[in-house]
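Before any comments, here is the structure.
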Amino acid sequence: MLFIKSPALGPRVNWLAAALLSVTLAGCSQFGGLGKPAPGQRPAAQAPADETQGVAGADPTLTPNPYLANPVDAPRQAQALFGQALAALRAEQWQKAEVLLQELTVEHPTLSGPWLNLGIVYHHTERLPQAEEALNQAIAANGKNLDAYNQLAVIKRHQGDFAAAEKLYLQALDVWPQHAASHRNLGILYDLYLGQFDKALGHFESYQQLQAQPDRQITGWIADLKRRLQNVAQVEGR
């Protein structure tokens, strides 16, 4: 297993650890494929939208997230049960959330959101085989579930399967090229784990272009990558 050291390794690794729950809860306020969102509803544990859903900046040419733009109607009872599961997730009541989400996946197996969040529960309770299975079910139920691709990629990265993680992020970007979180996560993968700094720079710049205002942390990472690429070019030019 190859790990690439970087001057910014510490802060970026810390962000990755902190982002696990927040990023994967993206789309929960949209019922994750379970129906239309309640106005203004947003899970307390959810990260800022520009880290999860690829929120558009000022560019009017940006297209909407195809997963969120086509919500699936579900019975009111299912939506209520899903709301209870999300509340349990926010409170990190993993066992309660698991029971509720398992009930939803049994009664409504074609809905992607419950599978995604069940995968989150399994991941946080260190049952990775079950997490992978649930996340694959989420993708099978709705191939536009961008957060399922990203969460599964996080697991693959933790397992050292960087090629699989890369493939999943790229699949998410095939679904929606303007998904900011996929660009950011792929940039981190290329930077810290694969040492492909030119590709990392491209994805961080794409992420930055999707923000309404520049992300100061990403601005620092971009500057760091440009310095390293310039140093490599100078060494190779000798």
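When a residue number appears, it is its place in the shown sequence, counting from 1.
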**Report entry** Worked check of side chain to side chain contact (heavy atoms under 4.5 Å, CB included) between R184 and W221
**Finding:** CA-CA 11 Å; R184 179 169 179 155; W221 295 359; 3.8 Å; yes

Query raised in the report: Using 30° and 60° as the class limits, which term best fits the ring planes of H158 and H123: parallel, tilted or perpendicular?
Result: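 H158 vs H123 ring planes: perpendicular.
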
Within this structure, what is the [atom1]-[atom2] distance for the pair [X] and [Y], rounded to the nearest 0.5 Å?
{"X": "I120", "Y": "Q151", "atom1": "CD1", "atom2": "CD", "answer": "5.5 Å"}
{"X": "E98", "Y": "H124", "atom1": "CD", "atom2": "NE2", "answer": "13.5 Å"}
{"X": "L201", "Y": "F204", "atom1": "CG", "atom2": "CZ", "answer": "9.0 Å"}
{"X": "L118", "Y": "E103", "atom1": "CG", "atom2": "CD", "answer": "12.5 Å"}
{"X": "W115", "Y": "L101", "atom1": "CH2", "atom2": "CG", "answer": "10.5 Å"}
{"X": "L152", "Y": "L128", "atom1": "CG", "atom2": "CG", "answer": "10.5 Å"}

Determine whether [X] and [Y] make a side-chain contact, defined as any pair of heavy atoms from C-beta on separated by less than 4.5 Å.
{"X": "V106", "Y": "Q102", "result": "no"}
{"X": "P75", "Y": "H108", "result": "yes"}
{"X": "H203", "Y": "Q196", "result": "no"}
{"X": "L111", "Y": "L104", "result": "no"}

Spell out, as yes or no, whether a donor-acceptor pair under 3.5 Å connects the side chain of [X] to the backbone of [Y].
{"X": "S112", "Y": "A138", "answer": "yes"}
{"X": "Y149", "Y": "G143", "answer": "yes"}
{"X": "W176", "Y": "K144", "answer": "no"}

Query - I222/I218 under side chain to side chain contact (heavy atoms under 4.5 Å, CB included): CA gap, chis, key distance, verdict - result: CA-CA 6 Å; I222 288 173; I218 296 296; 3.8 Å; yes

Minimum heavy-atom separation for [X] and [Y], please, with both atom names.
{"X": "G119", "Y": "A131", "result": "O-CB, 3.6 Å"}
{"X": "A172", "Y": "L146", "result": "O-CD2, 3.3 Å"}
{"X": "I139", "Y": "A148", "result": "CG1-CB, 3.7 Å"}
{"X": "Y207", "Y": "A180", "result": "CD1-O, 3.1 Å"}
{"X": "D215", "Y": "Q217", "result": "OD1-N, 2.9 Å"}
{"X": "V121", "Y": "W94", "result": "CG1-O, 3.6 Å"}

Query - Among N150, D174, D147, the one residue meeting side-chain hydrogen bond (donor to acceptor under 3.5 Å, both in side chains) with S182 - result: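 Testing S182 for a side-chain hydrogen bond (donor to acceptor under 3.5 Å, both in side chains) against N150, D174, D147 leaves exactly one candidate, N150.
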
Requested in this report: State whether the number of non-hydrogen atoms from other residues, nucleotides or ligands found under 6.0 Å of Q130 atom CD is greater than 12.
Outcome: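 Correct, the count exceeds 12.
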
According to a 4.5 Å side-chain heavy-atom criterion applied to Ile, Leu, Val, Met, Phe, Trp and Tyr, with indirect links allowed, do [X] and [Y] form part of one hydrophobic cluster?
{"X": "Y190", "Y": "V232", "value": "no"}
{"X": "V99", "Y": "L116", "value": "no"}
{"X": "Y193", "Y": "L229", "value": "yes"}

Report task. Output, in order, the C-alpha distance, side-chain angles, deciding distance and verdict of side chain to side chain contact (heavy atoms under 4.5 Å, CB included) for H183 and L210. Result -> CA-CA 10 Å; H183 281 295; L210 291 164; 3.9 Å; yes

Query - Option passing side-chain contact (heavy atoms from CB on, under 4.5 Å) with L192 (candidates I188, L189, L194) - result: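 It is I188, the one option of I188, L189, L194 that forms the side-chain contact (heavy atoms from CB on, under 4.5 Å) with L192.
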
Requested in this report: Check the pair F82 / N117 against side chain to side chain contact (heavy atoms under 4.5 Å, CB included), numbers first and verdict last.
Outcome: CA-CA 10 Å; F82 192 63; N117 289 284; 3.5 Å; yes

Query raised in the report: Residues in salt bridge (Lys or Arg N to Asp or Glu O under 4.0 Å) with K156, at least two apart?
Result: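 Applying salt bridge (Lys or Arg N to Asp or Glu O under 4.0 Å) to K156 gives E132.
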
